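The structure appears below as structure tokens.
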Amino acid sequence: QTQLVESGGGLVQAGGSLRLSCAASIGVFSNFAMGWFRQAPGTEREFVASINWNGGHMYYSDSVRGRFTISRDNAKNTLYLQMNSLKPEDTAIYYCAASRLLGPSGSRSDFEIWGQGTQVTVSS
């Protein structure tokens with residue numbers, strides 16, 4: 001069964017940290033670039049970060065660059081997002097996604113497989 005399952009979301013105070021994980025069952029994990037997107041209520045789903053097939057290249061949105069770190073472990077078929085210095089505006093549902101393009105991308109349309117999401121809430 002092809003699926004992506006996110007975990008690690010929760011409630012945290014501003015300035016705190018969370019680490020999201022995404023367990024992948026999508027065939028050969030290293031055949032995919034991976035990404036994180038987020039969606040707050042009443043807004044469009046937006047790009048957060050992406051990583052190429054072997055973890056050598058990462059791409060971040062301006063709003064999270066310097067605070068968030070995307071990484072992957074191909075031996076464990078798992079994608080991660082380390083989120084530090086969290087702000088209330090980071091509150092959203094965070095989605096993991098897979099792309100058959102091998103390089104990192106910031107475009108939603110490049111990602112074919114999506115998880116169900118995990119809620120992140122940052123209190124002020």
Side-chain angles (χ1 to χ4, degrees):
Q1 183 178 359
T2 298
Q3 62 177 357
L4 298 171
V5 180
E6 302 94 337
S7 62
L11 173 64
V12 63
Q13 289 189 330
S17 298
L18 281 175
R19 188 193 196 202
L20 304 184
S21 298
C22 172
S25 300
I26 54 174
V28 180
F29 186 57
S30 59
N31 282 351
F32 294 83
M34 299 296 296
W36 289 98
F37 290 75
R38 66 186 182 186
Q39 187 168 17
T43 70
E44 294 285 322
R45 192 170 299 187
E46 67 172 3
F47 168 73
V48 175
S50 63
I51 189 167
N52 77 324
W53 69 277
N54 68 355
H57 293 89
M58 288 74 78
Y59 181 42
Y60 296 95
S61 69
D62 289 343
S63 61
V64 307
R65 188 177 294 112
R67 299 188 298 122
F68 292 9
T69 301
I70 188 171
S71 62
R72 65 190 294 163
D73 186 334
N74 285 351
K76 296 182 178 180
N77 292 349
T78 303
L79 176 72
Y80 303 100
L81 185 68
Q82 178 66 45
M83 305 186 295
N84 298 329
S85 302
L86 282 160
K87 305 174 181 180
E89 51 263 43
D90 294 318
T91 295
I93 299 174
Y94 283 71
Y95 297 90
C96 168
S99 170
R100 289 182 174 85
L101 298 177
L102 296 181
S105 169
S107 174
R108 281 179 55 187
S109 62
D110 287 337
F111 291 84
E112 300 97 348
I113 306 170
W114 293 82
Q116 293 300 305
T118 185
Q119 176 71 48
V120 171
T121 303
V122 184
S123 62
S124 57

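A quick note: this is a predicted structure, and the numbers were derived from the prediction, not measured. Note that the numbering runs from 1 along the sequence shown for the chain.
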Provide the closest heavy-atom pair for Gln116 versus Tyr95 in the form atom of the first, atom of the second, distance.
O-CE2, 3.4 Å
For the side chain of Glu6 and the backbone of Cys96, is there at least one donor-acceptor N/O pair under 3.5 Å apart?
yes
Verify same cluster id: Leu101, Ile70 (apolar side-chain graph, 4.5 Å)
no
If the threshold is 4.0 Å, N to carboxylate O, is there a salt bridge linking Glu44 and Arg108?
yes
Suppose we screen for salt bridge (Lys or Arg N to Asp or Glu O under 4.0 Å). Which residues come up paired with Arg19, at least two apart in sequence or across chains?
none
Checking Ser61 now: which residues fulfil side chain to side chain donor-acceptor pair (under 3.5 Å) with it, not counting sequence neighbours?
Ser63
Donor-acceptor pair, Ser99 side chain versus Asp110 backbone, under 3.5 Å?
yes
Least distance between heavy atoms, Tyr59 atom then Pro104 atom
CB-CB, 4.0 Å
Please identify each residue that fulfils salt bridge (Lys or Arg N to Asp or Glu O under 4.0 Å) with Asp90, with sequence neighbours left out.
Arg38, Arg67
Step by step, work out the side-chain contact (heavy atoms from CB on, under 4.5 Å) result for Glu46 and Gln39.
CA-CA 6 Å; Glu46 67 172 3; Gln39 187 168 17; over 6 Å; no
Within 45° of the ring axis of Phe32 and under 6.0 Å from its six-membered ring centre, is that where the NZ or CZ of Arg100 lies?
no
Residue pair Ser124 / Pro88: nearest heavy atoms and the distance that separates them
CB-CG, 3.8 Å
Enumerate donor-acceptor pairs with a distance under 3.5 Å from any side-chain N or O in residues 47-58 to protein atoms, sequence neighbours excluded.
| residue | atom | partner | partner atom | Å |
| --- | --- | --- | --- | --- |
| Ser50 | OG | Ser105 | N | 3.1 |
| Ser50 | OG | Ser105 | O | 2.9 |
| Asn52 | OD1 | Gly55 | N | 3.1 |
| Asn52 | OD1 | Gly56 | N | 2.8 |
| Asn52 | OD1 | His57 | N | 2.9 |
| Asn52 | ND2 | Asn54 | OD1 | 2.9 |
| Asn54 | OD1 | Gly56 | N | 2.9 |

With Asn84 via side chain to side chain donor-acceptor pair (under 3.5 Å) - residues at least two apart:
Ser17, Gln82
Checking Phe68 against Trp36 for the ring-ring contact (aromatic ring centres under 6.0 Å, His included) test, could you report, in this order, the C-alpha distance in whole Å, the side-chain angles of both residues, the deciding distance, and whether it holds?
CA-CA 11 Å; Phe68 292 9; Trp36 289 98; 9.9 Å; no
Look at the side-chain heavy atoms of Ile, Leu, Val, Met, Phe, Trp and Tyr, link any pair under 4.5 Å apart, and say whether Ile26 and Leu81 land in one connected group.
yes
Do Val12 and Val64 share a hydrophobic cluster, counting only Ile, Leu, Val, Met, Phe, Trp and Tyr and linking them when any side-chain heavy atoms are less than 4.5 Å apart?
yes
State yes or no: do Phe111 and Tyr80 share one hydrophobic cluster built from I, L, V, M, F, W and Y residues joined by side-chain heavy-atom distances below 4.5 Å, directly or via other members?
no
Do Ile93 and Thr118 make a side-chain contact, defined as non-hydrogen atoms from C-beta onward lying under 4.5 Å apart?
no
Here the pair of heavy atoms bringing Phe29 nearest to Asn77 is CB-OD1, 3.3 Å
Do Leu20 and Leu79 sit in the same hydrophobic cluster, where Ile, Leu, Val, Met, Phe, Trp and Tyr count as joined when their side-chain heavy atoms come under 4.5 Å apart?
yes
With sequence neighbours excluded, what pairs up with Thr91 under the side chain to side chain contact (heavy atoms under 4.5 Å, CB included) test?
Gln119, Thr121, Val122
